[in-house]
Amino acid sequence: MLCSDQNVVANGSFCTDILAPHSRLGVGTMPASHVDFTARAFFDPFRPRVPPIFKPVPDTLLPLLFILHFGEPAWMRNEKLYKIIGRPGRGGSKPGKKKKQAGDYKLTIWWKLIHHPDVRDPQTRCAKLFRQRFRLPFPMFEDLMARIRAKNWWREDPTNKKFIPLELKVLGALRVLGRGVHFDDIAELTDSSAGTHCTFFHEFTAKMVTLYDEFIVTPTSKEQIDRVTSVYKMHGLPGCVGSIDCCHVPWENCPAMWRSLYQGKEGHPTISYELVADHCRSILATTPGHMGSWNDKTIC
């Protein structure tokens with residue numbers, strides 16, 4: 001099938017089918033040679049070029065004819081949409097994007113609490129509130145901070161506002177140990193990230209294990225035993241060397257095959273630790289973790 005400017009198309013129905021959808025766009029006024037070249041370009045792209053007696057369609061019109069026949073391609077529609085709403089991000093930093101500003105940690109609730117003038121007096125409401133929230137008195141917290149700074153476990157830079165104060169990190173670890181809260185709750189109270197507190201918590205617990213021998217001291221000499229028993233003797237319990245009890249720590253990720261062994265009176269799997277303390281609340285000895293279904297008599 002060939003179309004020329006002077007002759008009628010050999011298969012008029014075929015050219016009509018091509019021109020019909022675009023007649024309203026003005027394509028129907030194109031010369032027959034253009035129509036024939038367009039048909040071959042669409043349906044037989046590997047066919048040899050048109051003989052010289054026919055006028056070829058300029059290359060600049062081919063994209064236009066392609067769009068008119070097949071419709072607008074998806075990539076062109078997306079480019080028009082990107083000009084309106086902007087191109088979607090592909091990750092990474094964007095030019096001109098503002099960095100997250102470091103918070104003023106001195107304005108947080110915990111920072112104001114530890115710097116309150118009444119927090120050192122155990123009879124004040126502020127001191128009782130500190131012990132209720134972090135499960136230890138404030139003088140013991142100060143002693144803990146002095147030991148940590150003496151060992152130089154973590155780097156501090158008070159002049160850099162991006163550094164979270166070490167006191168807030170330690171308080172966050174104590175809150176998790178005392179109440180089992182989520183790290184996101186601590187981040188909300190300290191104006192910092194949950195990932196920072198999560199990383200510090202695991203480092204804190206690993207380093208505090210090295211202080212076991214400094215805090216857990218079992219009486220070994222006669223003088224040490226007499227010091228402990230003298231307090232009980234004053235209260236009418238001569239010969240008593242300590243009080244014993246078990247502490248049950250919940251175990252959420254307990255395997256199903258061990259659940260019946262570790263589930264006791266609490267109703268959920270726990271790990272039981274037995275502690276011996278004197279009348280002054282100093283821990284004298286501890287045991288490794290046992291099954292939560294065991295009680296004090298069984299562990300002893």
Side-chain angles (χ1 to χ4, degrees), residues 109-110 113 128-138 140-141 143-145 147-148 151 153-154 164 166-190 192-219 228 240-300:
I109 299 176
W110 287 1
L113 179 62
K128 294 179 181 179
L129 186 63
F130 181 89
R131 182 164 187 170
Q132 176 184 351
R133 290 179 176 177
F134 304 104
R135 309 299 291 274
L136 81 168
F138 186 75
M140 187 177 294
F141 170 73
D143 180 68
L144 177 62
M145 293 301 304
R147 291 174 180 268
I148 292 175
K151 295 183 179 296
W153 283 337
W154 291 281
I164 304 176
L166 186 58
E167 291 84 353
L168 297 182
K169 294 181 180 179
V170 175
L171 290 176
L174 295 175
R175 174 63 71 88
V176 175
L177 292 172
R179 294 189 177 181
V181 299
H182 196 274
F183 293 109
D184 184 65
D185 299 333
I186 302 173
E188 183 180 3
L189 296 172
T190 58
S192 56
S193 64
T196 300
H197 286 281
C198 180
T199 303
F200 180 83
F201 174 79
H202 293 288
E203 296 177 356
F204 176 80
T205 53
K207 294 182 181 299
M208 288 302 295
V209 173
T210 61
L211 302 178
Y212 179 88
D213 296 333
E214 299 183 21
F215 289 93
I216 312 299
V217 180
T218 303
V228 176
C240 182
V241 294
S243 303
I244 187 171
D245 195 8
C246 283
C247 176
H248 291 265
V249 179
W251 188 9
E252 297 180 356
N253 297 329
C254 177
M257 60 181 179
W258 294 350
R259 189 175 184 87
S260 59
L261 297 175
Y262 283 84
Q263 183 172 346
K265 58 183 178 59
E266 287 77 15
H268 54 269
T270 60
I271 300 177
S272 179
Y273 297 89
E274 191 174 59
L275 290 82
V276 180
D278 60 7
H279 191 70
C280 299
R281 299 180 181 178
S282 297
I283 300 176
L284 305 179
T286 60
T287 63
H290 295 276
M291 293 183 292
S293 58
W294 290 9
N295 54 19
D296 304 353
K297 299 179 180 180
T298 307
I299 297 176
C300 291

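Checked by atom type and distance alone, the side chain of Thr199 never pairs as donor or acceptor with a backbone atom of Thr196 at under 3.5 Å. Formation of a donor-acceptor pair under 3.5 Å by the Ser282 side chain with backbone atoms of Asp278 is not found in this model.
In this structure, the ring of Phe134 has its center no less than 6.0 angstrom from the ring center of Phe141.
Ile109 contributes atom CD1, which lies 7.0 Å from atom CZ of Arg133 (distance to the nearest 0.5 angstrom). Atom-to-atom distance recorded for Trp258:CH2 and Trp251:CH2 is 5.5 Å, nearest 0.5 angstrom. In this structure, CZ on Phe204 lies 6.5 Å from CG on Leu177, to the nearest 0.5 angstrom. Within the model, atoms CG of Leu174 and CZ of Arg179 stand 12.0 Å from one another, a figure rounded to the nearest 0.5 Å. In this structure, NZ in Lys207 is found 10.5 Å from CD1 in Ile148, a value given to the nearest 0.5 Å. Rounding to the nearest 0.5 Å places CG of Leu168 at 10.0 Å from CZ of Phe200.
With contacts defined as side-chain heavy-atom distances shorter than 4.5 Å, the pair Leu211/Lys151 qualifies. Here the side chains of Arg175 and Trp110 are in contact, with some heavy-atom distance below 4.5 Å. Looking at Cys246 and Ile299, their side chains come closer than 4.5 Å, going by heavy atoms from C-beta outward.
Residue-environment remark: CD (Glu188) stays at or below the threshold of 12 foreign heavy atoms within 6.0 Å. Annotation for Glu252: atom CD does not count as buried by contact number, only 12 or fewer foreign heavy atoms lying within 6.0 Å. In this structure, Trp153 places its CH2 atom where more than 12 heavy-atom neighbours from other residues, nucleotides or ligands lie under 6.0 Å away. More than 12 heavy atoms of other shown residues, nucleotides or ligands fall within 6.0 angstrom of atom CZ in Arg147.
The two residues Leu275 and Cys247 have their closest heavy-atom pair at CD1-CB, 4.1 Å. Here the closest non-hydrogen pair linking Val176 and Ile186 is CG2-CD1, 3.2 Å. Of all non-hydrogen atoms in Ala285 and Thr218, the two that sit nearest each other are CB-OG1, 3.9 Å.
Between Phe138 and Phe130, the two ring planes are perpendicular [angle over 60°; tilted spans 30° to 60°].
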Cut-off 3.5 Å, no hydrogens considered: what does the side-chain donor-acceptor table look like for residues 259-274, sequence neighbours left out?
from: Gln263; atom 1: NE2; to: Gly267; atom 2: O; distance (Å): 3.0
from: His268; atom 1: ND1; to: Glu266; atom 2: O; distance (Å): 3.4
from: Thr270; atom 1: OG1; to: His248; atom 2: ND1; distance (Å): 3.2

One pair to check against side-chain contact (heavy atoms from CB on, under 4.5 Å): Lys169 and Trp154. What are the steps and the verdict? CA-CA 11 Å; Lys169 294 181 180 179; Trp154 291 281; 6.0 Å; no
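Residue pairs meeting the ring-ring contact (aromatic ring centres under 6.0 Å, His included) criterion with at least one member in residues 276-300, sequence neighbours excluded: Tyr232-His279, His235-His279, His290-Trp294.
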